[in-house]
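Convention: sequence-line order gives letters A, B, ...; per-chain numbering from 1.
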Number of protein chains: 2
Amino acid sequence: MKTALASKSKQISISPDDPFVIIGERINPTRRKSLLESLAASKFDVALEDARKQIAAGAHVLDVNAGVPGGDEPNLLAGLTRAITSEFDVPLCFDSANPAALEAALAIYEGKALINSTTGESRMLEVVLPLAAKYRAAVIGVITDEQGIPATPQARLGVARKIVQRAADYGLPEQDIVIDCLALTVSADSNAGRITLDTMQLVRQELGLNLSLGASNVSFGLPDRKTINAAYLALGIARGLTAAITDPTIPELAGMIRACDLLMGHDEYAIRWIKAYRAAQKAAANA
Amino acid sequence: MKTALASKSKQISISPDDPFVIIGERINPTRRKSLLESLAASKFDVALEDARKQIAAGAHVLDVNAGVPGGDEPNLLAGLTRAITSEFDVPLCFDSANPAALEAALAIYEGKALINSTTGESRMLEVVLPLAAKYRAAVIGVITDEQGIPATPQARLGVARKIVQRAADYGLPEQDIVIDCLALTVSADSNAGRITLDTMQLVRQELGLNLSLGASNVSFGLPDRKTINAAYLALGIARGLTAAITDPTIPELAGMIRACDLLMGHDEYAIRWIKAYRAAQKAAANA
């Protein structure tokens, strides 16, 4: 099953038979002061620089979040979308809990976007799925519902099943649903990482859906987060993870994803691996 | 299923419910000139220093290979075993294709050793399995037979099945067989990594056996081998890999394994993770 995304002229396919899809996470003002301040002033220069850097570092899709406290989110998200698409030809992932903001961005976007996200809660599904259907976007479905996050992989599978069923009710095909199995913090619960991995395998096996992950939560509160996050990406990829919302400008994460592509058979003759190595060597020599 | 190994007083358990088992690979004169020269002169000082360093870096078991061209391997392997066990209380993995050398070491070893290795070839099984049974050792069974390495995971599973069946004929219980699914070089065949991962999952699922891996071949001929090897360990762990013959003195590999232990639920309260981080910080401050 392939999830297709597109910008004006570029297509991206998410599937186990394609290279891992990196959704660049940096255009998000939460915890990023310079981006927050520029967006609050309706300036997009910091965001555009983030876009440029992430694309150069290997991002296939850019997550775009315009959630500024007190800001006019629909207006900001649309402005951000216009600014990015006028400079870069890259599929976007609209990241908002505000339906009006999602619609403002989707309405002006040329291509097939990804919506980040709906949960399995009926009140979310009833708002996000019609939007996705109207603008023919794909949707990230996060495995949580009215009762919170189910404890077992089997119960989480039930939420994924509910999301695709409800999507079908709105005419959204299952390949347009990408499931996020939700990585909780391993420092709070040492089984959190494993349960999510087991859920990935189950959702992949039972429903055949593509999987994405917000890949940074798992290491929250621990030192050397990038090693933990890199390890979790590899563990996830072996269990069927096909995309992640992550920061490709962190060399350890981008390198791990490239290595996994190589080892999963998505880099014939190791061409990308060797090219990236040479580029890194050249950059180091020029530094 | 737990594979138990032991030195004089220390027990090690290989299983998916235990932390990943690191079998230190450094005591092997192939490609290591200083070790080769010292062993050729029947000196064990370099090997003992390798033992010390690997144990300090987290090795749970030490692979011991005394294959010196023109050397008296039975005598050397026994001498090496005596030297190591007189200084260190760590389970050993005897690494030889020479049955006389294996027997010389097994005969003087106090504990439960691991033999590295037999293949699925009848002429190997008929020699190695009786030795394992006689000395109550566990055995690494490498998935290759008279026809070479089977192309598909299903055919490789067949070799694993043959090895455990023949082991049973000699009275060796299945938990004493650890399967090596054999990681071939990904630069020669871009599907090599994936086929081995699929084999791991199948052997684990169908036979429930523990799995080890010589974790360095996969990156042969490519740059930045340690990143590839680290990624492959994580991918393997997600598919059921329970041990690897690797070099824990390479920080990237040891760090990746610790991160996987944490994420697979084998490091409660992240105690080992945090302890290793502090030790590394202290070492860096003292450097």
Side-chain angles (χ1 to χ4, degrees), chain A residues 16-17 183 185-198 200-201 218-219 221-241 251-252 254-271 273-278 280-281, chain B residues 16-17 183 185-198 200-201 218-219 221-241 251-252 254-271 273-278 280-281:
Chain A
D17 300 322
T185 304
V186 81
S187 60
D189 172 2
S190 58
N191 287 314
R194 179 145 65 161
I195 289 168
T196 298
L197 292 169
D198 290 348
M200 288 182 198
Q201 186 170 345
V218 76
S219 61
L222 290 170
D224 191 10
R225 294 186 63 179
K226 62 181 189 287
T227 301
I228 301 174
N229 293 348
Y232 205 58
L233 284 173
L235 291 168
I237 287 169
R239 294 293 183 94
L241 187 66
E252 288 83 353
M256 183 57 51
I257 291 169
R258 266 195 305 275
C260 288
D261 274 342
L262 173 68
L263 293 162
M264 295 299 282
H266 299 143
D267 183 7
E268 210 169 354
Y269 309 114
I271 287 173
W273 181 259
I274 292 166
K275 200 175 152 191
Y277 177 76
R278 287 190 186 145
Q281 281 215 312
Chain B
D17 300 322
T185 305
V186 82
S187 60
D189 173 3
S190 58
N191 288 313
R194 178 145 66 161
I195 289 169
T196 298
L197 292 169
D198 289 348
M200 288 182 198
Q201 186 171 344
V218 77
S219 61
L222 290 171
D224 191 9
R225 294 186 63 179
K226 60 182 190 290
T227 301
I228 301 174
N229 293 348
Y232 205 59
L233 284 173
L235 292 169
I237 287 168
R239 292 293 183 94
L241 187 66
E252 288 85 352
M256 182 57 49
I257 291 169
R258 267 194 306 274
C260 288
D261 274 343
L262 172 69
L263 293 162
M264 295 297 285
H266 298 143
D267 183 8
E268 210 169 356
Y269 308 114
I271 287 173
W273 181 260
I274 292 166
K275 200 174 151 191
Y277 177 76
R278 286 187 186 148
Q281 281 215 312

*Asks:* What distance separates Ser187(A) OG from Tyr269(B) OH, expressed to the nearest 0.5 Å?
*Replies:*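 Between Ser187(A) OG and Tyr269(B) OH, I get 12.0 Å after rounding to 0.5 Å.
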
*Asks:* I'd like to know whether CZ of Arg225(A) has more than 12 heavy-atom contacts from other residues, nucleotides or ligands below 6.0 angstrom.
*Replies:* yes

*Asks:* Need one label for Glu252(B): side chain, backbone, both or neither, based on atoms under 4.5 Å from any heavy atom in chain A.
*Replies:* neither

*Asks:* Between chain A and each of Ala270(B), Ser219(B), Ala230(B), Ala234(B), count heavy-atom pairs under 4.5 Å; write down the option with the most.
*Replies:*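 The answer is Ala234(B).
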
*Asks:* Any chance you could measure Leu262(A), atom CG, to Asp224(B), atom CG, to the nearest 0.5 Å?
*Replies:* 10.5 Å

*Asks:* Kindly compute the distance separating CG (Leu197(B)) from CD1 (Ile237(A)), expressed to the nearest 0.5 Å.
*Replies:*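 The distance works out to 11.0 Å.
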
*Asks:* Provide the closest heavy-atom pair for Ala238(A) versus Ala238(B) in the form atom of the first, atom of the second, distance.
*Replies:* CB-CB, 3.4 Å

*Asks:* How many angstroms lie between CG in Leu235(A) and CZ in Arg239(B), if you round to the nearest 0.5 Å?
*Replies:* 11.5 Å

*Asks:* Working to the nearest 0.5 angstrom, can you tell me the gap between Ile228(B) CD1 and Arg258(A) CZ?
*Replies:* 10.5 Å

*Asks:* Given that the side chain runs from C-beta out, which part of Gln201(A) has a heavy atom under 4.5 Å from chain B: side chain, backbone, both or neither?
*Replies:*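 Answer is side chain: those atoms of Gln201(A) sit under 4.5 Å from chain B.
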
*Asks:* What closest approach, in Å, do His266(B) and Arg194(A) show between heavy atoms, and which atom pair accounts for it?
*Replies:*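 Between these two residues, the closest heavy atoms are NE2-NH1, 4.0 Å.
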
*Asks:* Out of Ala259(A), Gly193(A), Ala183(A), Ser190(A), return the one with the most heavy atom pairs under 4.5 angstrom to chain B.
*Replies:*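 Result: the option with the highest number of such pairs is Ser190(A).
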
*Asks:* Does the side chain of Val186(B) come within less than 4.5 Å of Trp273(A)'s, by heavy atoms?
*Replies:* no

*Asks:* Can you tell me which portion of Tyr277(B) sits under 4.5 Å from chain A's heavy atoms? Options are side chain, backbone, both or neither.
*Replies:*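 For Tyr277(B), side-chain heavy atoms alone lie under 4.5 Å from chain A.
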
